[in-house]
Amino acid sequence: MKDFQNTKTILLILAIISFTNSYSCDLCGCTTSSGSASFGDLQMTSFVGLRYIYQTYESKNGIFDNSPTSEEQFNTYQLWARVPLGKSFYVSAILPFQDLSRKFQGNTESINGVGDMTLIGWYNLKIYKSNSENKEAIDFSTNKELTGHSFNFGLGVKAPTGKFEEELTDRVNPGFQVGTGSWDAIATVMYNYGNNNLGLNTTFAYYLKSENKNEYRFGNQFSVSSNLFYKLKTKKMDISPFVGISGDVYDSIEQYGETLADTNGHLYNCSLGSEFNLKDFQLGLQYTLPIHQDFFGGNVEAKNRFSVYLNYKL
């Protein structure tokens, strides 16, 4: 009973931390890297797959309430994978293709192309009990009982494989880009809990941006996401519905060494979705809706986001 109460306390604390963390940061990280989109599936399996992410934004070109607005649509198609390199090490990779469009005063503008590739190396740390008589939960490679808690520590890089167009930075939303044109470092910590059918994944990620060849530097970005799920087992498949919260916070953009005013912001989301596991395949669906945001002095508004992925389990 005591262990159950402690577990409930840990779950509650992590959910609160994920929801209330706020820092100061820029929007392009959200659009060109798909924001707080996760690095893997709910149950941290090894896979190769495809993921599609749809995002919409509304940007106001002016300071008045009746200033003209542009409607922006971001379609991202990703090749992604999580591949083990041994018992405790694995790598994850994401290669996106971006298809972006915006409508402004009757005109439509479109850009597309390969986006920025992300590659992260991970170390998995499982938490064991010191003494145990429960043979069903024992990891026989260590002869210790698993607690259900684990941590994943990741370090990686985002490479400038996507094209950056300096003339597009004049838009209200400078995130309207296929790529950032910069090499960026990524540090991330992932906490996972699983006990019987209940599970929790919480991810903290920090993106350290560098200046590109155009002397343009998107602000550093902090992202956090947390998903609570429950596994339902049927004869043909496992179904894992989940609820989640996430947040992205962006530092100000710098150009030619100068900080650009009103280019920082933050975005907090809630989401609903489900994952379906059938033999060697896995299907995931997620709908995300903003609950609080502030971008570019209120001139850019994120709308809903939808994602779907299909993986082949290794």
Side-chain angles (χ1 to χ4, degrees), residues 33-55 74-99 112-124 126 139 141 146 150 152-159 161-162 186 188 190-194 197-203 205 225 227-244 246 271-288 305-314:
S33 67
S34 303
S36 54
S38 62
F39 298 107
D41 63 328
L42 288 176
Q43 300 176 50
M44 301 305 296
T45 56
S46 299
F47 66 87
V48 293
L50 295 170
R51 178 166 61 175
Y52 168 71
I53 302 171
Y54 173 79
Q55 303 174 85
F74 295 76
N75 296 281
T76 303
Y77 308 87
Q78 294 179 338
L79 289 171
W80 70 328
R82 181 183 186 270
V83 181
L85 298 180
K87 180 182 177 182
S88 300
F89 295 92
Y90 64 96
V91 295
S92 61
I94 300 175
L95 179 63
F97 180 87
Q98 305 280 19
D99 184 11
N112 58 67
V114 175
D116 291 342
M117 180 179 67
T118 299
L119 183 66
I120 301 178
W122 299 86
Y123 171 71
N124 176 243
K126 293 182 174 67
D139 180 350
S141 63
L146 294 167
S150 66
N152 294 271
F153 303 93
L155 289 175
V157 64
K158 184 186 70 63
T161 51
I186 304 170
T188 182
M190 195 182 301
Y191 166 79
N192 302 285
Y193 171 76
N197 296 329
L198 182 67
L200 174 74
N201 294 331
T202 300
T203 302
S225 64
N227 292 313
L228 181 66
F229 65 92
Y230 189 84
K231 184 188 296 185
L232 303 171
K233 295 184 178 181
T234 68
K235 292 183 179 180
K236 294 185 177 181
M237 71 176 70
D238 291 343
I239 304 173
S240 300
F242 66 89
V243 294
S246 62
S271 59
L272 294 171
S274 186
E275 202 169 75
F276 305 87
N277 285 274
L278 176 63
K279 293 183 179 180
D280 296 331
F281 291 93
Q282 182 181 73
L283 174 67
L285 303 169
Q286 180 173 343
Y287 177 78
T288 302
R305 184 168 72 203
F306 172 78
S307 65
V308 56
Y309 56 84
L310 178 63
N311 298 333
Y312 176 77
K313 292 183 283 186
L314 301 177

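Numbers for residues simply follow the sequence, beginning at 1.
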Would Y309 and Q78 count as having a side-chain donor-acceptor pair, cut-off 3.5 Å?
no

How close do F242 and S274 get, heavy atom to heavy atom, and via which atoms?
CE2-N, 3.2 Å

CG of L119 to CG of L155, rounded to nearest 0.5 Å, is 11.5 Å

Decide if the gap between the ring center of F89 and the ring center of Y123 is smaller than 6.0 angstrom.
yes

I239 side chain near K231 side chain, heavy-atom distance below 4.5 Å
no

Assess the residue pair Q282 and D41 against the criterion (side chain to side chain donor-acceptor pair (under 3.5 Å)); give the C-alpha distance rounded to whole Å, side-chain angles, the decisive distance to 0.1 Å, and a yes or no.
CA-CA 9 Å; Q282 182 181 73; D41 63 328; 2.8 Å; yes

Euclidean distance, D116 CG relative to T161 OG1, rounded to 0.5 Å:
5.0 Å

Measuring from F74:CZ to R305:CZ, what's the distance to the nearest 0.5 Å?
12.0 Å

Supply the atom-to-atom distance M237 CE to N277 CG, rounded to the nearest 0.5 angstrom.
9.5 Å

Just how far is it from atom CG of N311 to atom CH2 of W80, taken to the nearest 0.5 Å?
5.5 Å

What pair of heavy atoms forms the shortest contact from G49 to F47, and how long is it?
N-CD1, 4.0 Å

Are any of the side-chain heavy atoms of L283 and V308 separated by less than 4.5 Å?
yes

I need the minimum non-hydrogen distance between V91 and G121, along with the two atoms involved.
CG1-CA, 4.2 Å

Are I94 and R51 packed together at the side-chain level, in the sense that at least one heavy-atom pair is separated by less than 4.5 angstrom?
yes

Checking side chain to side chain contact (heavy atoms under 4.5 Å, CB included) for the pair V114/L95: CA distance, chi angles, key distance, verdict?
CA-CA 8 Å; V114 175; L95 179 63; 3.9 Å; yes

Determine, step by step, whether M44 and R82 satisfy the side chain to side chain contact (heavy atoms under 4.5 Å, CB included) criterion, reporting the C-alpha distance in whole Å, the side-chain angles of both residues, the deciding distance to 0.1 Å, and the verdict.
CA-CA 8 Å; M44 301 305 296; R82 181 183 186 270; 3.4 Å; yes

Give the intermediate values and the outcome of side chain to side chain contact (heavy atoms under 4.5 Å, CB included) for residues L314 and V83.
CA-CA 8 Å; L314 301 177; V83 181; 4.2 Å; yes

Counting only heavy atoms from other residues, nucleotides and ligands, does the tally under 6.0 Å from OH of Y52 exceed 12?
yes

OG-CG distance between S88 and N124, expressed to the nearest 0.5 angstrom
6.0 Å

Nearest heavy atoms of S240 and F229, plus distance in Å:
CB-CD1, 4.2 Å

Hey, does the side chain of S92 reach the backbone of A81 with a donor-acceptor pair shorter than 3.5 angstrom?
no

Side-chain donor or acceptor of K313 paired with backbone N/O of T45 under 3.5 Å:
no

Minimum heavy-atom distance between S271 and N227, given as atom pair plus value
OG-OD1, 4.1 Å

Write down the atom of L285, the atom of F306, and the distance for their closest heavy-atom approach.
CD2-CZ, 4.3 Å

Is any side-chain heavy atom of F97 closer than 4.5 Å to a side-chain heavy atom of N112?
yes

I'd like to know if the side chain of N201 and the backbone of N192 have a donor-acceptor N/O pair within less than 3.5 Å.
no

Return the orientation label for the Y90 and W122 ring planes: parallel under 30°, perpendicular over 60°, tilted otherwise.
parallel

Would you indicate whether the side-chain heavy atoms of I186 and V157 approach each other to under 4.5 Å?
no

Apply side chain to side chain contact (heavy atoms under 4.5 Å, CB included) to Q55 and N75, showing your working.
CA-CA 7 Å; Q55 303 174 85; N75 296 281; over 6 Å; no

